[in-house]
Amino acid sequence: MLDINFIRANPDKVKQAITHKHENAASVDRILELDTQRRSLIHICEQLKSRRNEKSREVSELKKKGHDASCIIEETKKIGDDIKSMEEQLKELEPQINNLLLRIPNIPAADVPIGKDANDNVIVKTWGQRKAFEITPLPHWEVGSLLNILDLERSSKISGSGFILLKGLGARLERALFSFMLDLHTREHGYTELFPPFLVNRTSMTGTGQLPKMEEDMYRTAPDDLFLVPTAEVPVTNIHRDEILSCKDLPIYYTAYTPCFRREAGSYGKDTRGIIRVHQFNKVELVKLVRPETSYDELESLLGNAERVLQLLGLEYRVVKLSTGDMSFAAAKCYDIEVWAPGADKFLEVSSCSNFEDFQARRINLRFRDENGKLRLVHTLNGSGLALPRTVIAILETYQQKDGSVSIPDVLQPYMGGVRVIARQ
RNA sequence: GGAGAGGUGGCUGAGCGGCUGAAAGCGACGGUUUGCUAAACCGUUGUAGAGACAAAAUCUCUACCCCGGGUUCGAAUCCCGGCCUCUCCGCCA
C-alpha cells in the first residue's frame with residue numbers, strides 16, 4: 001500500500017508508475033476525490049464532537065449542582081444525531097478508499113527497466129558452463145519416469161493434473177534438497193529457521209499483497225475462510241504484524257520451508273508437461289525485515305544467498321532484473337534467478353528476490369523505533385532460496401547420464417544417505 | 001464439542017457511568033549527586049487522524065483501555081455479537 005499523503009503530493013508520479021506496471025491508473029484520481037470528501041467530513045465531524053464533549057461537561061456541572069440540564073441535553077442529542085449521520089457517510093467512504101488503495105501497485109525503483117513484459121527484462125549475470133551431452137538430454141518427466149521416482153499418472157489420479165508424486169530416491173531427493181537449503185541459509189547466511197502454519201487468515205494474505213487482487217489464484221478453505229499459503233512469505237512476513245521493533249532487532253533474517261499452493265488460474269496451457277508448473281510445490285523461502293536505508297544492499301545479499309544454492313549444486317543459471325511490466329504487484333525491484341534445464345531446453349525461474357520497501361510494512365503496520373525514538377516503517381524483502389520442483393528438474397536433466405541414471409551433486413550426497421547415483425529401480 | 005475465567009499503556013496492575021489518555025509500581029530516557037559503577041533524588045515517557053503554519057518546531061481539536069454494534073447528554077466502565085487467551089471435562093494425531 002502506498003502512503004495516501006504521498007499520492008496526494010505526487011499524483012502524476014504514482015499514475016506513471018502504475019502505467020509502467022500495466023495497471024489502470026484511473027483509480028488515483030478517484031482516490032484523491034474521495035480523500036478530499038473524507039477529510040472534509042472528518043473535519044466537520046470532529047468539530048461536532050468537540051461541541052458535544054463541551055456540552056456534556058456542562059451537563060455534568062449542572063447536575064453536580066443539582067440544576068436542571070434538560071435543555072442542554074436536548075441540544076446535545078441533536079448534535080449526536082448529526083455526528084451519527086456524518087459517521088455513516090464516513091463509514092461508506094473509508095472502505096471505498098481503502099479498497100482502491102489496496103489495489104494500487106508498488107512504485108518501481110528508479111533503476112528498474114521500464115518495459116512491457118518479460119522481453120524487456122535485463123540479464124545481469126550468468127553463471128556456470130553449458131554442459132555438453134553425448135546424447136540429447138531427456139526432459140525430466142522422462143528421466144523421472146524411467147527411474148521410477150516420479151509418477152505423474154498416479155498423482156493426477158489422486159489429485160488431478162499439476163500435482164507431484166515422488167517415489168523412493170525421488171522423494172528422498174526432495175527432502176535432501178530442502179534440508180540442504182535450510183542448513184545452508186541458517187549455518188552460513190545467518191537466517192533463523194521457522195516452521196510456520198500452512199493455512200493463514202485473510203488479514204495475513206492482505207498484508208503481503210496477495211489479497212484483494214489475486215484471490216482467484218489462492219486455495220481457500222470455505223468454512224473457516226483460511227487460505228493455503230502460496231508462499232512462506234505470507235506467514236513469515238506477517239509474524240511481526242502490528243509490532244514495533246527496536247532498531248537493535250534489525251535486520252531480521254528468517255528462512256522457512258513450506259509447501260506452496262497455487263491455483264495458477266489463467267495460466268492454463270502453459271508448461272503443461274512435467275512439473276514445471278504445479279499446484280503444490282515445496283519451497284525454502286528467505287525473508288528479511290530491515291532498515292529502509294539498507295534495503296537495497298540487503299536485496300543484493302539476499303540474491304547472493306539464493307544464488308549460492310545453485311552454485312553449490314553446480315547448476316548453470318542466470319540472473320534477470322525484471323522490467324516494470326513483469327514485476328509483481330507489491331515489488332519495487334525484483335531479480336529472478338533462472339536455472340538452465342537442458343532437457344526442457346530453457347531457463348526456468350527458481351527464485352524471485354524482491355524488495356518491497358515499505359509497501360508491505362504499511363499494510364501490516366510493521367514499524368521500528370530508530371535511535372532518535374522516531375517510529376518508521378521497516379522495509380521487507382523476500383526471495384526463494386529456492387523453489388524445489390524446478391531445481392529438481394535442473395538436477396535430473398543436468399546430471400542425467402547416458403545409461404539413464406542421474407548422479408547426485410556432492411553437497412547433496414550426505415543428505416541422501418551417501419547415495420551418489422539414482423539408478424533405475 | 002461442553003462448562004467456567006479473562007483480554008487496560010513497553011511490562012505488572014488499579015479503575016466498573018462524568019477533568020480518567022487512564023492511579024500505582026517496574027522498565028526506559030534526561031538531569032543532580034558520585035573517583036567509577038551502583039544507590040538515592042528530581043523530571044520526562046503512547047499512537048493515529050484532522051485542522052492552523054510556506055515549512056519545521058509548535059499549537060488546537062478528535063479518536064483509541066481486543067474488535068464491531070447498541071444504550072446514554074456523556075462509556076475503559078452498562079448491554080449484544082465476534083475474535084483471542086487461560087482452566088476443567090469430553091474426543092482425537
Side-chain angles (χ1 to χ4, degrees), chain A residues 1-10 31-102 195-207 211 220-227 235 238-250 252 259 289 358 361-378:
Chain A
M1 188 158 68
L2 299 181
D3 184 359
I4 182 77
N5 294 305
F6 180 83
I7 299 176
R8 219 180 276 148
N10 308 280
I31 286 173
L32 291 175
E33 190 187 316
L34 294 173
D35 177 57
T36 308
Q37 284 179 39
R38 177 182 144 269
R39 281 189 298 157
S40 88
L41 273 173
I42 287 175
H43 190 58
I44 299 167
C45 197
E46 288 188 350
Q47 282 178 334
L48 288 172
K49 281 182 180 172
S50 176
R51 190 119 44 89
R52 180 181 65 182
N53 290 345
E54 212 175 291
K55 295 289 174 194
S56 290
R57 253 171 272 146
E58 278 178 41
V59 171
S60 156
E61 296 285 315
L62 287 174
K63 287 208 167 171
K64 242 184 245 169
K65 290 181 193 154
H67 295 277
D68 174 55
S70 53
C71 184
I72 300 181
I73 288 177
E74 270 311 303
E75 195 184 333
T76 314
K77 237 181 215 171
K78 264 182 225 136
I79 299 178
D81 291 343
D82 290 347
I83 292 173
K84 199 166 267 179
S85 93
M86 289 282 164
E87 278 182 337
E88 265 158 34
Q89 289 180 55
L90 268 174
K91 222 173 278 170
E92 224 163 272
L93 212 53
E94 269 167 350
Q96 281 184 53
I97 297 173
N98 210 22
N99 196 32
L100 290 171
L101 222 43
L102 285 172
F195 203 95
F198 300 163
L199 286 166
V200 298
N201 59 32
R202 192 169 276 277
T203 311
S204 296
M205 289 289 274
T206 307
L211 296 183
R220 173 168 165 262
T221 65
D224 302 305
D225 204 31
L226 293 171
F227 295 82
N238 273 281
I239 287 173
H240 297 289
R241 184 171 72 226
D242 292 319
E243 289 185 19
I244 295 168
L245 304 170
S246 155
C247 56
K248 289 176 222 134
D249 298 333
L250 299 176
I252 292 174
L289 311 176
D358 60 16
R362 186 170 294 105
R363 286 173 168 238
I364 64 180
N365 189 27
L366 172 54
R367 296 173 295 175
F368 74 102
R369 203 175 283 284
D370 71 12
E371 292 73 9
N372 304 317
K374 271 238 156 61
L375 287 173
R376 298 167 64 193
L377 291 164
V378 306

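Letters go in sequence order (proteins before strands), and every chain restarts at 1. Only a predicted model underlies this, so the values are computations on that prediction, with no experimental measurement involved.
A:I72 comes within 4.0 angstrom of nothing in the nucleic acid, heavy atoms only. Contact annotation for A:R202: no contact, since no heavy-atom pair falls under 4.0 Å across all strands.
A straight line from CG of A:L93 to P of B:rG49 spans 17 Å, rounded to a whole angstrom. Per the geometry, CG belonging to A:L48 stands 16 Å off P belonging to B:rG51, to the nearest Å. In this structure, CZ of A:R39 is placed 21 Å from P of B:rC61, rounded to the nearest angstrom. If you measure from atom NZ of A:K248 to atom C1' of B:rG27, you get 12 Å, rounded to the nearest angstrom. For A:K55 and B:rC19, the NZ to C1' distance is 18 Å, given to the nearest whole Å.
If you take atom P in B:rU72 and the same atom in B:rC79, they sit 16 Å apart, rounded to whole Å. If you take atom C1' in B:rC92 and the same atom in B:rG49, they sit 49 Å apart, rounded to whole Å. The C1' atoms of B:rG15 and B:rC88 are separated by 30 Å, rounded to the nearest whole Å. Rounded to a whole angstrom, the distance from the C1' atom of B:rC89 to that of B:rC26 is 39 Å.
Of the candidate nucleotides B:rU71, B:rA50, B:rC73, B:rC73 has the atom lying nearest to any side-chain atom of A:S56.
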Might you list the N or O atoms of the protein lying below 3.5 Å from N or O atoms in nucleotides 67-69 of chain B, with each pair's distance?
residue : atom : partner : partner atom : Å
B:rG69  : OP1  : A:K91   : NZ           : 3.0

Report all interatomic pairs (protein N or O, nucleotide N or O of nucleotides 62-66 of chain B) with separations under 3.5 Å.
residue : atom : partner : partner atom : Å
B:rU62  : OP1  : A:N53   : ND2          : 3.1

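Considering all non-hydrogen atoms of both residues, A:E75 and A:K55 come closest at OE2-CE, 3.4 Å.
At a threshold of 4.0 Å, the pair A:D35-A:R38 counts as salt-bridged, since one of the basic side-chain nitrogens sits closer than that to a carboxylate oxygen.
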Would you mind building the protein contact string for nucleotides 43-48 of chain B? One character per nucleotide, 5' to 3', B for base within reach (heavy atoms under 4.0 Å), S for sugar-phosphate only, - for untouched.
----SS
Which is it for A:D358 and A:R362 under the salt bridge (Lys or Arg N to Asp or Glu O under 4.0 Å) test, yes or no, and what are the steps along the way?
CA-CA 6 Å; A:D358 60 16; A:R362 186 170 294 105; 3.1 Å; yes
